[in-house]
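Since the structure comes first, as structure tokens, the remarks are kept for the end.
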Amino acid sequence: MNEVKEPREFCLVVSCPDAVGIVAAVSQFVAQQGGSLTESNHHTDVAEGWFYMRNVIDANTLSIDIDEFREKFASLAEKFEMNWHVRDGHKKQKVVLLASHASHCLADLLYRWHSGELHCDIPCVISNHENLRSMVEWHGIPFHYVPVDKNNKQPAFDKMNEIIERHNADTIVLARYMQIIPPNLCAQYAGRLINIHHSFLPSFIGANPYKKAFDRGVKLIGATSHYVTEDLDEGPIIEQDVIRVSHKCNKDDMVRLGRDVEKSVLSRGVRLHLEDRVIVRGNKTVVF
Ligand SMILES: Nc1nc2c(c(=O)[nH]1)N[C@@H](CN(C=O)c1ccc(C(=O)N[C@@H](CCC(=O)O)C(=O)O)cc1)CN2
């Protein structure tokens, strides 16, 4: 009797100069390895002459493992000058969470992880405040308190980097972490640092966006998840959403209403990233 195999998927992500025949060549390569494509998306930015593709392959139909896949695909990738990677969807990414004082985004991510909704491992949480320790440790996750001396910040970020490296983190999520990440860490973790900004960017960059929104008299407030770069709150956008407000809302009402949008936008952004649905080029993204 045929053994029942655990479902497993490989996700192949490609970005390269546009050319005729890329879709056919990649599809033929997968077929030649016996592979079945279960999801296939591509986009051509005609103005930029740039091609983006995301293919999900039923790994159980392939005649090769992921290392052999990478080895065999490399020559095709070179021919089309591809930026590419292939990831085993079964392998959980290690996601380190950074938090400060606000709990809502961290609590939401911990709930989604604990319930199994978020397919990842959380090796630890790092915070510059102690107040969230009990919530984190209730989930059985190590909590590292790393205070930041505003007059000498680098030692704290060196310590954070040591913790992140020690846990071999794939992704780092700023769950309302309220410190500006120094340029060296932005470069080291480019494309792997995700932040939630509590405004509908590009409006209200920086600190206190809800006060700025209230003072401006906006009718919509929002949140934006984006990759962290040296340019504050100007990194490639992953996900956004808004909620309506009115003249009846004071600043605290906006903060309260904004929390739900922040939680939703951050968790959706993290999920898109974990599923390799986000391809970055320059300061923009294609999200499949
Ligand atoms: N290099 C980057 N670091 C951070 C980014 C980013 O895009 N690039 N996003 C911010 C998030 N953020 C708003 O969402 C934000 C957080 C903190 C500040 C700020 O001015 N912080 C002060 C300290 C405040 C305090 O001690 O409470 C500071 O760092 O001096 C602005 C914007 C996260 N980091």
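All ligand and atom numbering here is 1-based and tracks the order in the structure.
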Does the pair Arg70 and Asp67 meet the rule for a salt bridge (charged side-chain N to carboxylate O under 4.0 Å, His left out), with working shown? CA-CA 5 Å; Arg70 291 181 178 122; Asp67 292 331; 3.4 Å; yes
Distance check, rounded to the nearest 0.5 Å: Met53 atom CE versus Asn41 atom CG? 9.0 Å
Got a sec, which residues hit ring-ring contact (aromatic ring centres under 6.0 Å, His included) with Phe157, two or more places apart in sequence or on another chain? none
Contacts of type ring-ring contact (aromatic ring centres under 6.0 Å, His included), residue Trp113, not counting sequence neighbours: none
So that I know where these two stand, are His197 and Phe204 an aromatic pair - ring centroids less than 6.0 Å apart? no
So which residues, sorted by chain and number, lie with a heavy atom under 4.0 Å of ligand 1? Lys153, Leu174, Tyr177, Met178, Gln179, Ile180, Ile181, Cys186, Asn195, Ile196, His197, His198, Gly206, Ala207, His226, Val228, Thr229, Leu232, Asp233
Quiz: residues 277-288 side-chain donor-acceptor pairs under 3.5 angstrom, not counting sequence neighbours:
from, atom 1, to, atom 2, distance (Å)
Arg277, NE, Glu275, OE1, 2.7
Arg277, NH1, Glu39, OE2, 2.8
Arg277, NH1, Phe288, O, 3.3
Arg277, NH2, Glu39, OE1, 3.3
Arg277, NH2, Glu39, OE2, 3.3
Arg281, NH1, Glu48, OE1, 3.3
Asn283, ND2, Glu234, O, 2.7
Thr285, OG1, Ile237, O, 2.6

